[in-house]
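Worth knowing before you read on, the calculation uses all heavy atoms, side chains too, and leaves out hydrogens, waters and symmetry mates. Positions are given from 1, in the same order as the sequence printed here.
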Amino acid sequence: MSTTKSADSPDPKREPQAVPTPADAIEDLSAFGENLATAWTLGQQAWARMATGQKGPLTGSGSPAVDPFNVMPAWIEFARGMMTRPDKAAQTAMNFWTDYAQLWRQSWMRALGAKPEAMASAKGDKRFADPAWTENALFDHVKQTYLLAGNHLLSTIADRDDLSANERQKVEFFMRRFVEALSPTNFFATNPEALRETLAQRGENLVRGMRNVIKDIERGEGTLTISQTDTSAFKLGENIANTPGKVVFRNEVIELIQYSPTTEKVYARPLLISPPWINKFYIMDLDPKKSMVKWLVDQGYTLFMISWRNPVPGGPRLGMEEYIRQGFFAAVDAVLKETGRKSTNVAGYCVGGTMVATALAYMAKTGDARVNAATFFTAQTDFDLAGDLKVFVDDKILESLRDKMESEGGVLDSQYMAQSFNMLRSSDLIWSYVISNYMLGKTPFPFDMLYWNSDSTRMPAKLHFNYLRDYYRDNLLSRGKLTVFGQEVNLEEVMTPIYSISTREDHIAPAASVYRGMRKMGGDVRFVLGGSGHIAGVINPPAKSKYQYWTREDGQWPETLPEWLEGATETAGSWWPDWDKWLASQSGEQVAARPPGRKLGVIDEAPGAYVRERD
């Protein structure tokens, strides 16, 4: 006799489940209705708060600028070209409707039991990871319709040969953001996960979500500032930025931190790191398992870190020259005085590296030998291939930006920079949190990198304008036309040994742009291409065994990065050990470990006071 039970046979081991009663159903509907009403009321409160307090992207207060990113001229040129080429417009429309008809045909075939292949693949697209986007015929049709329409819109721009390179880049960038905003995952009625959770939770997720909205609006003082992580989970100096050290120098621009040694012997030549002033230095000093600072100290380097002060409205008007003199040069002098050395090694991250390169070019011009060797973390020195950030830099935007910064006391609010960077990856850094925080009502997960990302700083007006105009727009440094302290500087005169790490998926400092700039340096450059992006590709400790990096040992510098890669060798894991080998060769003999502040004295405990200043 078979012992297999039928699907309808009761399982004696399973607890009997209560059958819902009409009273239960009424209670569920009542709770659902109350939650929906509460969510609606909270939503009205949120809109009212935003209406009274929101600032425009390029205005000091009041109504937003009509065209803050000066995209309208490019759109007009795009539309004009379409109207003057009716044959092209007609062919574009015909291609779309032909593909859409084919999509309908495949959707009907699926409804009748067939399994046709998808026309517009979403493979690897995290937005459509929910099984319903594949298993449910209706949601699959919505997804494929969206992907089909988006691909056609973007291909229409790519096929245009009557737009300038700048116009095409700007139209394509904002069209891509438009397409990403219209993703069906971003709308409650077409998001299967949101609908499913709302039914399961009787609308409680919507109440939590609207409370999250109000909390984020209050945090942004009237502007919706999306929370990406639970900021209450981190405290500077305790579970983040907690590598032991002392503040040994301070002026109105920087604090200088010297970290306590963990080895009996250290390399004779110290290392000074200049982080970007757009965010704070402790991206390099997160928890001990991923802290670059701790790792460097453990390798036996005497490490100094610049901590930039967060500028305040009405403060001193400081530009690139002031940041070089009062920031970088002041730090170099302090490091040499503290250690008794004649030269130091330096490193610069992102814009901090651009500043270091500028300083090195000036030092080469004037015969200043205080820097022995330099490392650049995803730092650009040539901006012809600077990527999507260039869409934010033209004459009209710079003029509006300067007016905005002047109206705010000579600084740029940190929210503007944060919004600009978030736009570069809007699906990951904006819409995913809209869905999670507001539709699903989840509390953001505590993540140290995102906590650092939220701890942004104001931009000093003069410095920011110098950077956008002289570097991004006019590319003066790379062209040998930049004047620093009265001297026209040239990267080709920089003979300092250099180690440069770029990352393959960097959307802020594209690897091709970094490579192009490093080719113009006059001395010996070790160029390395790492995996991942601007942050994760740099902060990649060996213990994690993640990603990979590429090196080339033949000393050849082909014109383009793809050509360089053809002769490169791939190595699994972190690039840090490769850098350590190079850096050790530049750091001299071993000497007794140096306690912080032996000559300069101790002002404060690391991570210091400046890093704790928030907007």
task: Show your reasoning for whether side-chain contact (heavy atoms from CB on, under 4.5 Å) applies to Tyr549 and Asn540.
output: CA-CA 11 Å; Tyr549 64 95; Asn540 181 25; over 6 Å; no
- request: Take Leu600 and Gln258, measure what side-chain contact (heavy atoms from CB on, under 4.5 Å) needs, and give me the verdict at the end.
  value: CA-CA 10 Å; Leu600 294 175; Gln258 180 182 0; over 6 Å; no
query: Stepwise, does the side-chain contact (heavy atoms from CB on, under 4.5 Å) test hold for Ile157 with Arg168?
result: CA-CA 7 Å; Ile157 299 169; Arg168 181 182 290 107; 4.1 Å; yes
query: When you look at Val525 and Trp557, which way does the side-chain contact (heavy atoms from CB on, under 4.5 Å) test go after all the steps?
result: CA-CA 10 Å; Val525 179; Trp557 282 86; 3.7 Å; yes
message: Pair Lys170, Asp394 - check salt bridge (charged side-chain N to carboxylate O under 4.0 Å, His left out), show working.
response: CA-CA 11 Å; Lys170 183 168 285 192; Asp394 61 32; 2.5 Å; yes
message: Before you tell me yes or no, could you show the steps for Arg526 and Asp524 under salt bridge (charged side-chain N to carboxylate O under 4.0 Å, His left out), namely the whole-Å CA-CA distance, both residues' side-chain angles and the distance that decides it to 0.1 Å?
response: CA-CA 7 Å; Arg526 180 168 180 78; Asp524 180 53; over 6 Å; no
- request: Could you go through the salt bridge (charged side-chain N to carboxylate O under 4.0 Å, His left out) check for Arg325 and Glu321 one step at a time?
  value: CA-CA 6 Å; Arg325 180 187 291 114; Glu321 290 185 341; 5.4 Å; no
message: If you apply the rule salt bridge (charged side-chain N to carboxylate O under 4.0 Å, His left out), what do you find for Glu255 with Arg250, and how did you get there?
response: CA-CA 4 Å; Glu255 286 183 331; Arg250 176 187 289 158; 2.7 Å; yes
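Taking the side chain as every heavy atom from C-beta outward, Asn475 and Asp382 approach each other to under 4.5 Å. Side-chain contact between Ile273 and Met305: present, with at least one pair of heavy atoms (C-beta onward) separated by less than 4.5 Å. The side-chain heavy atoms of Phe485 and Ile324, taken from C-beta on, include a pair separated by under 4.5 Å. Side-chain atoms of Val489 and Leu477, non-hydrogen and from C-beta on, do get closer than 4.5 Å to each other. In this structure the side chain of Pro497 reaches within 4.5 angstrom of the side chain of Trp582, judged on heavy atoms. For the pair Pro270 and Phe304, the minimum side-chain heavy-atom distance is below 4.5 Å. Counting only heavy atoms from C-beta outward, the side chains of Val393 and Phe383 never approach each other to under 4.5 Å. The shortest distance between side-chain heavy atoms of Trp575 and Tyr547 does not fall below 4.5 Å.
Annotation: the span from Leu561 atom CG to Arg519 atom CZ amounts to 11.0 Å, rounded to 0.5 Å. Here CG of Asn279 is found 6.0 Å from CG of Asn453. Values are rounded to the nearest 0.5 Å. Distance check, rounded to the nearest 0.5 Å: CG of Leu482 to CG of Leu476 gives 5.5 Å. Between the CG atom of Leu389 and the CD atom of Gln380 there is a distance of 8.0 Å, given to the nearest 0.5 Å. Atoms OG and CD1, from Ser513 and Ile508 in turn, are 12.5 Å apart once rounded to the nearest 0.5 Å. Here OH of Tyr499 is found 10.5 Å from CZ of Phe527. Values are rounded to the nearest 0.5 Å.
Using modelled atom types and a 3.5 Å distance limit, the side chains of Lys544 and Ser574 yield no donor-acceptor pair. Checking Trp308 against Thr457 by side-chain atom types alone, no donor-acceptor pair falls below 3.5 Å. Inspection of the Thr358 and Tyr471 side chains reveals an N or O donor paired with an N or O acceptor under 3.5 Å.
Taking every heavy atom of both residues into account, Tyr301 and Asp580 meet most closely at OH-OD1, 2.7 Å. Scanning all heavy atoms of the two residues, the minimum distance from Met284 to Pro275 falls at CE-CB, 3.7 Å. The two residues His534 and Asp506 have their closest heavy-atom pair at ND1-OD2, 2.8 Å. Between Thr560 and Tyr515, the closest heavy-atom pair is C-CE2, 3.6 Å. Minimum heavy-atom separation, Leu401 to Leu412: CD1-CD1, 3.7 Å. Nearest heavy-atom pair across Ile283 and Met449 is CD1-CG, 4.2 Å.
Contact check on Glu322 versus Lys462 returns a salt bridge, with a Lys/Arg side-chain nitrogen under 4.0 Å from an Asp/Glu carboxylate oxygen. Ion pair Arg317/Glu406 flagged as a salt bridge, since at least one NZ, NE, NH1 or NH2 atom sits closer than 4.0 Å to an Asp/Glu carboxylate oxygen. A salt bridge links Lys290 with Asp448: at least one charged nitrogen is closer than 4.0 Å to a carboxylate oxygen. Between Arg473 and Asp395 there is a salt bridge, with a side-chain nitrogen of the basic residue lying less than 4.0 Å from a carboxylate oxygen of the acidic one.
At least one donor-acceptor pair under 3.5 Å links the side chain of Gln228 to the backbone N or O of Leu429. Side chain of Gln299 to backbone of Trp295: a donor-acceptor contact under 3.5 angstrom is found. A distance-only check finds a donor-acceptor pair linking the side chain of Glu338 to the backbone of Arg598 [under 3.5 Å]. In this structure, the side chain of Trp452 engages the main chain of Lys280 through a donor-acceptor pair within 3.5 Å.
Taking the ring centroids of Phe328 and Tyr323, they lie at or beyond the 6.0 Å cut-off. Aromatic pair Tyr610/Phe281: ring centres not closer than 6.0 Å.
In this structure, Phe377 and Tyr349 have perpendicular ring planes: the angle between them is above 60°, well past the 30° mark.
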Per-pair distances, 0.1 Å, donor-acceptor, side chain in residues 364-372, under 3.5 Å, sequence neighbours excluded:
{"residue": "Lys365", "atom": "NZ", "partner": "Glu488", "partner atom": "O", "Å": "3.3"}
{"residue": "Lys365", "atom": "NZ", "partner": "Glu493", "partner atom": "OE2", "Å": "3.2"}
{"residue": "Thr366", "atom": "OG1", "partner": "Tyr362", "partner atom": "O", "Å": "3.0"}
{"residue": "Thr366", "atom": "OG1", "partner": "Met363", "partner atom": "O", "Å": "3.4"}
{"residue": "Asp368", "atom": "OD1", "partner": "Arg370", "partner atom": "N", "Å": "3.1"}
{"residue": "Asp368", "atom": "OD1", "partner": "Arg370", "partner atom": "NE", "Å": "3.0"}
{"residue": "Asp368", "atom": "OD2", "partner": "Arg370", "partner atom": "NE", "Å": "3.0"}
{"residue": "Asp368", "atom": "OD2", "partner": "Arg370", "partner atom": "NH2", "Å": "2.6"}
{"residue": "Arg370", "atom": "NH1", "partner": "Asp333", "partner atom": "OD1", "Å": "2.6"}
{"residue": "Asn372", "atom": "ND2", "partner": "Asn345", "partner atom": "OD1", "Å": "2.9"}
{"residue": "Asn372", "atom": "ND2", "partner": "Gln586", "partner atom": "O", "Å": "3.1"}

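Within a 6.0 Å sphere centred on NZ of Lys294, other residues, nucleotides and ligands contribute 12 heavy atoms or fewer.
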